[in-house]
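As structure tokens, the structure follows; a few thoughts come after it.
Below, chain A is the first sequence line, B the second, and so on; all start at residue 1.
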2 protein chains.
Amino acid sequence: MALPAQPNRSLIDGLQCLYHVLGSGNPIGSRELARSMGEEHTRINRLLKTLCAMEYLQQDEQKRYLPGAAVHLLSALTIQGSGLLTKALPVIETLMQETGCAAALGVLWNQQVCYLFHGTPQSSLNIAIGRHVPFTATNSSIGKILLSQKCADDWKSAAAACGVDPLSLQRDLQNCANEGYAIDDMSRPGSIAVCVGCPIVAGLALMQGVDKPEILVKKFLSPLQDAAVQITEKLQEHDKQTPAVPAKQLNTHQ
Amino acid sequence: MALPAQPNRSLIDGLQCLYHVLGSGNPIGSRELARSMGEEHTRINRLLKTLCAMEYLQQDEQKRYLPGAAVHLLSALTIQGSGLLTKALPVIETLMQETGCAAALGVLWNQQVCYLFHGTPQSSLNIAIGRHVPFTATNSSIGKILLSQKCADDWKSAAAACGVDPLSLQRDLQNCANEGYAIDDMSRPGSIAVCVGCPIVAGLALMQGVDKPEILVKKFLSPLQDAAVQITEKLQEHDKQTPAVPAKQLNTHQ
DNA sequence: TTGTGTTGGTGCTATTATAGCTTCAAAGGA
DNA sequence: TCCTTTGAAGCTATAATAGCACCAACACAA
């Protein structure tokens, strides 16, 4: 991912602090966070205090940092603003009913896949958010198909980060890019995934235990692609007609 | 909310950019965003490019900005890291079954309430995220109870932001703080709300149309408080035992 | 109770990251 | 074809920031 001519270092590091606190899973002190991030503690402290002032974080009685109201609100705004989950869920439910498969919707970030949805035809419709720890992209059909749309530098970074052979990964991803889908037949159950969104934002997968990966392609690629197209179209309609939150309500420093 | 000695202006403004793009509800260009935020366009452009580089945002074919994978992942991490929704939902479901009321869980930020959950005993368990536009705090029992825990300066800001009489609001909020609950009997249906979390992070409300607000207190305060205590305890257990995402996976610049 | 170590947070100041003006190529619309 | 607006970046002055040193408070062990 190319940096712009003048990236803003404070914003980058501040978001990394936020990410680490959220990923910590429990309250964490400013010096502890600085050590775990390998940074100078005063700077981290100031970034944390700024996030606190904005209510993205708050402090418990021992002054350790934990999520605040603003980050919950950002989550809600993310889901509503992008419409990804609300548009995708009805399509995914139909897809699961028609195919009898489990399905997942996930995003790729920093060589990791995070599920937004994971469910089965039998279970009540369930949102996966909060259910799964992010996991390495190269172990996942969603990860591979999303990674295949990235540049060669990202492929090298991914190979290094995930500890796999770069040439092998390149062949695999090149094939995914060519075919427009990715297969994971190493996990149990196996899965097949395609991209959704324009620009691409997520991967959609169907999962089923099968004897041969070709069966995943033969049985499930077509309905999966149809579902992905439907979701992408719904997202584009969403982008054209979603009323914005009034600017007065968005403005936070007047 | 008091600013620290050396707040980081870039982080503040960068998060406001992100918030505005998400709240926009559709892709938005950098000059358009700068105009709507009342800021100089070069700076906004650099902040947007930085958010893009980190994949919090992405650009469509017309180079307009829309949510990217990282902000979805941050949402998932928020929900998982705080455990607020996953811990609260089973308790809320029981509460709705026992009382026959609709319920809501919401956070307060910038004088606005945002629902994380809103459901009824009859509907399948549903997450409200993405369902409701944030709305002004003083029109909501959740807003009032959360606001009552803030300082007097915040009360004045809220009165100004929501266009209500400061003295009237102060009396109302003082009463909420004293009683430990807030009533909204102006909306249809009426509702009663208490705080959850330690430190407080959200408000939990029950809603039902009643002839008199006293009936809300008499019938629903006790089960509501019980549910709030249960959720708060579960959150504290969560903070003690949630495994963190491995630091290797959190580290984004190595 | 006392001493030690660690904590969160800030004062001070050098410096560099940043902000804002200007400019440009590209794109869209009349 | 011309005009307007766009996203993006070069240049440079400056103010926001980074890092060191320090402090009061707290926890823990002796």
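A donor-acceptor pair is defined here as one N or O able to donate and one able to accept, closer than 3.5 Å; no such pair exists between the side chain of B:Asn110 and the backbone of B:Gln112.
As rounded to whole Å, 14 Å separates atom P of C:dC24 from atom CZ of B:Arg31. Rounded to whole Å, the distance from CD1 on B:Ile12 to C1' on C:dA19 is 16 Å. One atom, CG of A:Leu48, and another, P of C:dT7, lie 14 Å apart when rounded to the nearest Å. Atom pair A:Gln59:CD and C:dG8:P shows a separation of 9 Å (rounding to whole Å applied). Here the P atom of nucleotide C:dA26 and the CD atom of B:Glu61 are 18 Å apart, to the nearest Å. Look at CD on B:Glu39: it is 12 Å from C1' on C:dG20, rounded to the nearest Å. The distance from atom CZ of A:Arg64 to atom P of C:dG9 is 13 Å, rounded to the nearest whole Å. In this structure, the CD atom of A:Glu40 is 12 Å from the C1' atom of C:dT10, given to the nearest Å.
From B:Leu51, atom CG reaches atom CG of B:Leu57 across 5.0 Å, with rounding to the nearest 0.5 Å.
Residue B:Val194 comes nearest to B:Gly180 through the heavy atom pair CG1-O, 3.6 Å, listed as atom of the first residue, atom of the second, then distance. Closest approach of A:Val113 to A:Ser140, counting heavy atoms only: CG2-OG, 3.9 Å. Between A:Pro67 and B:Val201, the closest heavy-atom pair is O-CG2, 4.3 Å. Closest of all the heavy-atom pairs between B:Leu235 and B:Gly197 is CD1-CA, 4.1 Å.
Dashed line: the shortest gap from a side-chain N or O of A:Tyr65 to OP1 or OP2 of C:dG9 is under 4.0 Å.
Every residue was checked against the salt bridge (charged side-chain N to carboxylate O under 4.0 Å, His left out) condition with A:Asp226, not counting sequence neighbours, and none meets it. Not a single salt bridge (charged side-chain N to carboxylate O under 4.0 Å, His left out) links A:Lys49 to another residue, sequence neighbours left out. With sequence neighbours excluded, the residues forming a side chain to side chain donor-acceptor pair (under 3.5 Å) with A:Thr42 are A:Glu40, listed by chain and number.
For the helix from C:dT1-D:dA30 to C:dA30-D:dT1, the angle separating the two terminal helix axes comes to 50°, with each axis derived from five pairs and the value rounded to 10°.
For the pair A:Glu233 and A:Lys87, the salt-bridge criterion is not met [side-chain N within less than 4.0 Å of a carboxylate O].
DNA chain C is contacted by both B:Gln62 and B:Leu47; B:Leu47 maps to the nucleotide lying nearer its 5′ end (nearest heavy atom per residue).
Note that the first and last nucleotides of DNA chain D, 5' to 3', having any atom under 4.0 angstrom from a heavy atom of chain B are D:dT6 to D:dA18.
Backbone-only engagement by B:Arg35 is indicated by non-hydrogen atom pairs under 4.0 Å involving sugar-phosphate atoms exclusively.
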Protein N or O to nucleotides 15-18 of chain C N or O, pairs below 3.5 Å:
residue: C:dT18; atom: OP1; partner: A:Asn8; partner atom: OD1; Å: 3.1
residue: C:dT18; atom: OP1; partner: A:Arg9; partner atom: N; Å: 2.9
residue: C:dT18; atom: OP1; partner: A:Ser10; partner atom: N; Å: 3.2
residue: C:dT18; atom: OP2; partner: A:Pro7; partner atom: O; Å: 3.0
residue: C:dT18; atom: OP2; partner: A:Arg9; partner atom: N; Å: 3.4

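Between the side chains of B:Ser30 and B:Asn45, at least one donor N or O sits under 3.5 Å from an acceptor N or O.
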